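Here the structure is laid out as structure tokens; the discussion comes afterwards.
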Amino acid sequence: MSEDKKPTEAASGNFIRDIIVEDLATGKTGGRVATRFPPEPNGYLHIGHAKSICVNFGLAAQFGGTTNLRFDDTNPTAEDVEYVEAIEEDVRWLGFQWAGMHFASDYFEQLYQIAERLIERGTAYVDSSSEEEIREARGNYYKKGVPTKHRDRPAAESLDLFRRMRAGEFPDGAHVLRAKIDLTSQNMNLRDPVLYRIRHAHHHRTGDKWCIYPMYDFAHPLSDAIEEITHSICTLEFESHRPLYDWCIREAEMFPSRQIEFAKLKLTHVLMSKRNLRELVQKGLVSGWDDPRMPTLAALRRRGYTPEAIRAFAERVGVAKADSVVDFSLLEYHLREDLNRRCPRVMAVLRPLKVVIENFPDGEVRELSAPLSPEDPSHGTRKVPFSRELYIERDDFREEPPKDWFRLAPGREVRLRYACLLKCNEVIKDAAGNVVELRCTWDPNSWGGTSPDGRVVRGTLHWVSAAHAVPAEARLYDRLFSVESPGATEGRNFVEELNPASLETLTDCRVEPWLAKAEIGARFQFERLGYFCVDRDSTDGKRVWNRTVTLKDTWAKIEAKSAGKKPVAKEGSKAPRATAPAPVAAPASSATAPLPLAAEITIDDFAKLDLRVGVIRSAELIPDAKKLLKLAVDLGEGRTRQIFAGLRSSYPDPAVLVGTRVVVAANLKPRQMKWGLSEGMVLAAGGAEGDPRPHRVLTVGDDAQPGDKVR
RNA sequence: UGGGGCGUCGACAAGCGGUAAGUCACGGGACUUUGGUUCCCGCAUCCGUAGGUUCGAAUCCUACCGCCCCAACCA
């Protein structure tokens, strides 16, 4: 990279960048970089397209090049103007500007002329066979293709037919123009691919001017060539089309655009195919293409995602050729990062619980000035009213607080953000026993929220003044699917994998008065809750707030962990069963350490494990391994299995394990380790409280026989 | 019974013969008037497997294994 045009961002390179740098160095493209984003206007753009947009526009921009927006509108029966406008809007929203906007249909005349030339040269011919006949003659992966009877028809005859095809003399399917390449090619795309077909259909741009339309494989390379695109970046599935791409350009003797393929973006917990998305819409499982739970750009925009976050995400994901599925949490990370930087902080109570401050004068209203961003003073401040009756979040009060709880509870003291310290004296319940009100007292010396005497108050709660807060609706969105790969499980429809809690609508929320006139699309952080934006369903009287994404919730994690810690099977417990819905020991794929249950492992996954009773016949330390023990486990299979388990720290003297009846995941793929093959995994659980040992193996009663199934 | 592509930490992903970057996730800690942010620390003796070449291999060679794509008049 000795020349001036090098990547501006020193981020790790990618292979396309390398190719461009190389091309620039050798002057292959005349020092020019031109890319294009070529959507077919037959649907809405989604997050997967966003990556492609970022790659095309990003790469060109990085090298001072240009990017065209080109609609690949060669199939009139599938396409519509409605989509071209939506696509334009999405690209613009993402923050990109195209150098030129084109349509493949603009080139129809040119393309037609090229086709005629091919016929004259004898490299294309009109085939009058039926679709089935052509398919049959084309052969398959193992059978070479054979010519149809029209392959050697004189050029003049083909030309005449082709002109009459254009003139509309024939019905759909009567003839087709084919490239004459190689019927015996191992690449099916080269077995005389169809170049033109007859379609008496109205085109969204050319109207009824044409009744023959070029195929993608013909139109795409030539459109690239016409626009002198230097690097035509597309996805992996077009790799085997590249020889045809090159053939078309060579035969047409045009600008040598080069096709480069990369892996398209896939995300966990998300369905991206047009077919699946349409099904969600048509079945009414979502409210529409821009339902904030959809992966379309229109939906993400409505949900409150920012273009910056999506671009940063795309950059981080990288460009490579390996099929991959990116963690949804990576997208959320970039979203939060951007939102954290830009959003003002405000207070809103989603599930109100009334608090009456008994020692605060009735009717008095104090106003406090609170910063809109504790970190960035440039956001300014706003006024927040404070009075005798407030609302706090229901979730912030527990009558019987768990361990480590530092929010409100009877007799406990918390801080009301920016206001004061507050102590709960009494809990008022309705006839049904529901908590309906808290009677509290405040410390008048703590105004502002400071501790007057240095006493430590760990919890800080958000709140609103009951009389001043404005009612609002909140739509709490979560992932649409509860499984990592929706639709991937055999025999199960993705509809069954929808997350039943993907939308929770709360209609009785209260937000601080400053928010009463927030504009549609405006984004805020509701302190301690998440990022929200105003939905277009809002009315003057009532705003509707979309939750874009929650804040990270360490407390939820702590609570989940302590709930999961309840032992499913204690050491020496009798029955060989692990019935708890939240098993504490998860099968680590690496068998290097029995981990506490990782959140990604679902109950379904756990159910797939074949858990069997095994008796440890020998156990020894591995001299050069920090964590591993080498076990020989008898599963009643007539031999022992060798299993490496990360239990060394828990059992410094492995001899005590010999003879122990343990639970073994028997159907895991054997894993080759440095010291040999590990053929399974011994389940272990986190130690009981106070137990210094990190893990204990799950054991079963003496009556269990090696090989017994554990349920 | 064919052709093409790809296999590096739980997920992405650098690396291009000189001895495994980074990010997310995860775990631990500091700080904190958001259990947020921020900041520290930890997290692949190993690069699908097996051989080979080399002083030296994730990088080169060979074989094997696994996954993805291709037999539309879709794009």
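The shown structure was predicted, so the numbers you read here are calculated from the model rather than taken from an experiment. Per chain, numbering begins at 1; letters A, B, ... match sequence-line order.
- By the stacking rule of 5.5 Å between ring centres and under 30° between planes, A/Tyr142 does not stack on the base of B/rG2.
- Within 4.0 Å of A/Arg138, counting heavy atoms only, lie sugar-phosphate atoms of the nucleic acid but no base atom.
- Here A/Tyr418 lies in heavy-atom contact (under 4.0 Å) with a base.
- Within the 4.0 angstrom heavy-atom criterion, only backbone atoms of the sugar-phosphate kind lie near A/Thr74; the bases stay farther away.
- For the pair A/Glu527 and A/Val319, both in contact range of RNA chain B, the more 5′-proximal nearest nucleotide belongs to A/Val319.
- If you check every strand for non-hydrogen atoms under 4.0 Å, A/Arg345 touches a base.
- When heavy atoms are screened at a 4.0 angstrom cut-off, A/Phe238 is found touching base atoms of the nucleic acid.
- The aromatic ring of A/Tyr141 stacks onto the base of B/rC70, its centre lying under 5.5 Å from the centre of the six-membered base ring with the two planes under 30° apart.
- Residue contacts shown for A/Glu375 include a base, since a base heavy atom lies under 4.0 Å away.
- Nucleic acid contact class of A/Asp404 (heavy atoms, under 4.0 Å, all strands): base.
- Backbone-only engagement by A/Glu239 is indicated by non-hydrogen atom pairs under 4.0 Å involving sugar-phosphate atoms exclusively.
- Ranked by how close their nearest RNA chain B nucleotide is to the 5' end, A/Leu416 and A/Pro38 are led by A/Leu416.
- For B/rC60, the paired nucleotide is B/rG52, the pair qualifying as Watson-Crick or G-U wobble because both relevant distances are below 3.5 Å.
- Residue A/Tyr213 is out of contact with every strand shown, counting any heavy-atom pair closer than 4.0 Å.
- The base of B/rG4 does not come close enough to the side chain of A/Glu261 for any donor and acceptor atom to sit less than 3.5 Å apart.
- For a distance-only test at 3.5 Å, the side chain of A/Arg242 fails to qualify as a donor-acceptor partner of the base of B/rG4.
- Nucleic acid contact for A/Val457: none, since no nucleic acid atom lies under 4.0 Å from a heavy atom of the residue.
- Taking syn as a glycosidic angle within 90° of 0, B/rA72 qualifies as syn.
- A/Ser373 comes within 4.0 angstrom of nothing in the nucleic acid, heavy atoms only.
- Protein atom CZ of A/Arg417 is 14 Å distant from nucleotide atom P of B/rU32, rounded to whole Å.
- Below the 3.5 angstrom threshold, one finds a donor paired with an acceptor across the side chain of A/Gln525 and the base of B/rU34.
- Remark: B/rC12 base-pairs with B/rG22. Criterion, Watson-Crick or G-U wobble with two distances under 3.5 Å.
- Geometric assessment of A/Arg166 against the ring of A/Tyr112 yields a positive cation-pi assignment under the 6.0 Å and 45° thresholds.
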